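See structure below.
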There are 2 protein chains.
Amino acid sequence: MDKKKNISMAVIRRLPKYHRYLGDLMKNDVDRISSKELSEKIGFTASQIRQDLNCFGDFGQQGYGYNVSELYSQICNILGLVKLYKTVIIGAGNIGQAIANYTGFEKLGFELKSIFDVNPKLIGLRIRDIEIKDIDYLPDFLKENTIDIGIICVPSINAQKVCDILVKNGVKGIWNFAPVDLVVPDDVKVEGVHLSDSLLILSCLLNDME
Amino acid sequence: MDKKKNISMAVIRRLPKYHRYLGDLMKNDVDRISSKELSEKIGFTASQIRQDLNCFGDFGQQGYGYNVSELYSQICNILGLVKLYKTVIIGAGNIGQAIANYTGFEKLGFELKSIFDVNPKLIGLRIRDIEIKDIDYLPDFLKENTIDIGIICVPSINAQKVCDILVKNGVKGIWNFAPVDLVVPDDVKVEGVHLSDSLLILSCLLNDME
DNA sequence: TAGATTGTTAATCGATTAACAATC
DNA sequence: TAGATTGTTAATCGATTAACAATC
């Protein structure tokens, strides 16, 4: 279970999908599944599934397959879903508000501690009981509270600046919605969601006729 | 310029980044750039950049490099940014509203024509002058209006159903924000944005200490 | 022309798939 | 035991990098 040798990014990017499908199986009270059956549902080859799961240690059993709930909890482990994460949102515009309002992340263990913005019209407002604070207070807030993940929802032009403040105050995870590539030290992890990039990929696919 | 032989998905996923960086260069009135210089900015190897750009035909020049504005407009071409796309949003919840309110997509040529929801409290409201309509009216609307892209922002459970209505009425592009894998015919393209998957990847990276 | 830089081929690297012995 | 299915090695495939001749 602590094999964890060299998990490639290709494998990591598939893990949430395993998590999702195994969660569904749990809901349907399925208690065992073979790589072949899972393959038919999830769309990866059976070979790839066995290969992927073996990165983490052997929790399959020859002749039997995988125990769903055991596998599920192992995937949760690998994804780090066993602990709670404290998050802050910076930027209470469209995207910031949407994320703040969405309760699904809490269920996964991501707890929103505060929201920051520069706009005086937004400061003081509340989203789901969380007050939007002045961004000037961000450094102090980070010093007083241990925050695991900063969610950057400010315009591109300010994103690196905000990121620097987060990093300087010990935040190790950045979830970046600004369409820029942030520069961070090695021990800080950035995962970017670039909505317009995604939309451009779609328009490219629509034109890529062959 | 019409080489377009076998553009792999790996290349397509890099194109929006080229688009972004070349746009910046345009703004700064840079008119030529070598693969080596671009490499330093964008973070791909010079070799990869030349390899990528060659998929589409040769618009570089030995001993000189690439003409920025020519390259930029070629990338726009490949991304399909030369035409306008008509879009509809289905689901006027957190994410649906955020996307509807965001004006950046219009600038790229994606015009929001309508928004649909089931919730009677939302129907009739306006976002940026666009009225939220009853989802029951969606099929008729799609018959009366040619829509290129459907943006699915409904809960997972309803996503495939909504997708089917879109596909049945000729929509060829689906931008899917629901955390499910949609089933569509081959001629329909789906690009998914799975926010919770992205967040899980971040939490995995934060735990993947080595 | 000489220097620079591409286009393109060849070499390497990594990820996926196939195969099968191990074993439940 | 016989059948099933994994874990794991080997083969294949694709993507990235290196190298260099072509040429501006």
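The structure presented is a predicted model; accordingly, all values stated were derived computationally and were not measured. Reminder, nothing fancy here: chain letters follow the sequence lines and each chain counts from 1.
Residue B/Thr45 has no polar side-chain atom (N or O) positioned under 4.0 Å from OP1 or OP2 of D/dT16. When the side-chain nitrogen and oxygen atoms of B/Gln48 are compared with OP1 and OP2 of D/dT16, one or more of them lie within a distance under 4.0 Å. At C/dT6, one or more side-chain N or O atoms of B/Arg50 fall inside 4.0 Å of OP1 or OP2 (strictly under the cut-off). Taking 4.0 angstrom as the limit, A/Tyr66 places a side-chain polar atom (N or O) nearer than this to OP1 or OP2 of D/dG7. Residue B/Ser35 has a polar side-chain atom (N or O) positioned under 4.0 Å from OP1 or OP2 of C/dT6. Contact annotation: B/Arg14 side-chain N/O to D/dT16 OP1/OP2 distance is under 4.0 Å.
The base of D/dT17 sits within donor-acceptor range of the side chain of B/Gln51, with an N or O pair under 3.5 Å.
Under a 3.5 Å cut-off, the side chain of A/Ser35 and the backbone N or O of A/Arg50 do not form any donor-acceptor pair. A donor-acceptor pair under 3.5 Å is absent between the side-chain atoms of B/Ser114 and the main chain of B/Val88, judged by distance alone.
Under the Watson-Crick or G-U wobble criterion, with both distances below 3.5 Å, C/dA22 is paired with D/dT5.
Spacing between atom CG of B/Asn54 and atom P of D/dA22 amounts to 16 Å, rounded to whole angstrom units. Counting to the nearest Å, the P atom of D/dT5 and the CD1 atom of A/Ile33 are 11 Å from each other.
With a 6.0 Å cutoff to the six-membered ring centre and a 45° limit on the axis angle, A/Arg32 counts as a cation-pi contact of A/Tyr64.
For the residue pair B/Thr45/B/Gln48, the side-chain donor-acceptor check at 3.5 Å is not satisfied.
Across all strands shown, B/Ser47 has heavy atoms under 4.0 Å from base atoms, whether or not it also approaches the sugar-phosphate.
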